[in-house]
Number of protein chains: 2
Amino acid sequence: MARKEKGDIDLSTEEKIKEAARKVFTKKGYAATRTRDIAEEAGINLALLNYYFRSKEKLFEIIMTEKMQKYFGVLAPVLDDTATTLENKIETIASKYIDLVLENPELPLFVLSELRNNPIHFLSLTPKTDFLTNSEFIRQLQKKRPDIRPLHFFVSLLGMCLFPFLMRPVLQKVANMKDKTFIEMMLERKKLIPVWTKAMLKAK
Amino acid sequence: MARKEKGDIDLSTEEKIKEAARKVFTKKGYAATRTRDIAEEAGINLALLNYYFRSKEKLFEIIMTEKMQKYFGVLAPVLDDTATTLENKIETIASKYIDLVLENPELPLFVLSELRNNPIHFLSLTPKTDFLTNSEFIRQLQKKRPDIRPLHFFVSLLGMCLFPFLMRPVLQKVANMKDKTFIEMMLERKKLIPVWTKAMLKAK
DNA sequence: GTCTATAACCTGATAGAC
DNA sequence: GTCTATCAGGTTATAGAC
């Protein structure tokens, strides 16, 4: 019983419910999810869900906090590192973000769409509100290109990592692309993004 | 009574309901929307909604089709224009998309999140399935950079236009940005995107 | 066409047996 | 801790008066 990542069988009931909740909530969103769906997915009874988590909302709050931390957690340690160059940071962010989302493909759409109507979730996000604007990363961007808002680069960088996942169903449909090809493409992207951002930073 | 775009007052009941449905559906998504919300927003009775549109789902289908066409309608006429250069197409797409989404800020997140669980909506999208892969735009990209999948550029272009809107609440929160500033930024982007994509196309 | 009232159904949550 | 049965509340959709 060494491995306990996957085998539903040796998880505690509480963890089975959380695991099911992760799956269903991220796939369908809060509103479209029924507690019955989660119970079924977890292979337990509906009553147990309320026994362990009191309510749908409380359970959701737990999952949402988890996901928010995953989603934004990649950034925090990198942004403020004074020991790395700008190019270095870009490379790290692209690589880590793409790996993260390859393993959690529903993450970006889930977080962004749940955030739409519940800005409350921001509370579970960050201690200080200026972790981005007052970061080394932004300062480095500003120094390199004082003529362009640093946020322009920042948003473009994140967009290059995440937007393909948001468009994934569209993309695979209109380009008749298999899952395998999509994944290949995202791995290529890890190398492309540093090259592209470098070119963007120089472009006049 | 010349103007009829805005004044709720001289719209037909049917149009009032559709207008309300556009607003509520795009803001909250299908599952989180209650027909009561739409009725109230339209200033009419709940029963009238079913009188005119039979069901919540039918009404949604109408709005969704509309939005899909807006969302993808920008692309079709540009992609296959053999009379314009690649640079030209990029500029046009960036400019048109940003203008469109500035006027319909909820559009991208709405379309992408509703598409997540209902690939059925693709039906209302396009006549031929290869309108992208077999387009002049893709051919031009391929000619310029045969060493890189054209889709990499395509996705990045769309991402640069649309991703800022998807991240908008996050962005405005962490950067403490006012609506006005965000809009300014998106207008700047119309000029930045052609410059950046040009640099990306050259980068080795 | 528009309203009020209500039917029919669904969903989250709990009571209570085991 | 786990289950079955059920309640309470809310939601879509319709019946029927005007």
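Side chains included, hydrogens not; waters and symmetry mates left out as well; all remaining heavy atoms used.
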What pairs with [X] under ring pair (Phe, Tyr, Trp, His ring centres under 6.0 Å), at least two apart in sequence or on another chain?
X       : value
F153(A) : W196(B)
Y97(B)  : none
F165(A) : F182(A)

Test of understanding: with salt bridge (charged side-chain N to carboxylate O under 4.0 Å, His left out), list the residues that count as partners of R189(A), not counting sequence neighbours. none
Mind checking what makes salt bridge (charged side-chain N to carboxylate O under 4.0 Å, His left out) contact with R34(A), not counting sequence neighbours? D37(A)
Dump every N/O contact between nucleotides 2-5 of chain C and the protein below 3.5 Å, one line per pair.
| from | atom 1 | to | atom 2 | distance (Å) |
| --- | --- | --- | --- | --- |
| dT2(C) | OP1 | T13(B) | OG1 | 2.8 |
| dT2(C) | OP2 | T13(B) | OG1 | 3.2 |
| dT2(C) | OP2 | Y52(B) | OH | 2.7 |
| dC3(C) | OP2 | N45(B) | N | 3.2 |
| dT4(C) | OP2 | N45(B) | ND2 | 3.0 |

For K178(A), give me all partners under side chain to side chain donor-acceptor pair (under 3.5 Å), at least two apart in sequence or on another chain. none
With sequence neighbours left out, what residues match K198(B) under side chain to side chain donor-acceptor pair (under 3.5 Å)? none
Atom pair distance, as rounded to whole Å: [atom1] in [X] and [atom2] in [N]:
X      : N       : atom1 : atom2 : result
I38(A) : dT11(C) : CD1   : C1'   : 12 Å
L49(B) : dG1(C)  : CG    : P     : 15 Å
N50(A) : dG1(D)  : CG    : P     : 16 Å

So the salt bridge (Lys or Arg N to Asp or Glu O under 4.0 Å) pairs with at least one residue in residues 82-103 of chain B (sequence neighbours excluded) are E87(B)-K144(B), D99(B)-K190(B)
Within residues 53-67 of chain B, which residues have any heavy atom lying less than 4.0 Å from an atom of DNA chain C? none
Please report how far the helix from dG1(C)-dC18(D) to dC18(C)-dG1(D) bends, comparing the axis fitted to its first five pairs with the axis fitted to its last five, to the nearest 10 degrees. 10°
R34(B) vs dT11(D): side-chain N/O to OP1/OP2 distance below 4.0 Å: yes
Atom of I193(A), atom of C161(A) and distance for their closest heavy-atom approach: CD1-SG, 3.8 Å
Who passes side chain to side chain contact (heavy atoms under 4.5 Å, CB included) against A47(A), sequence neighbours left out? N45(A)
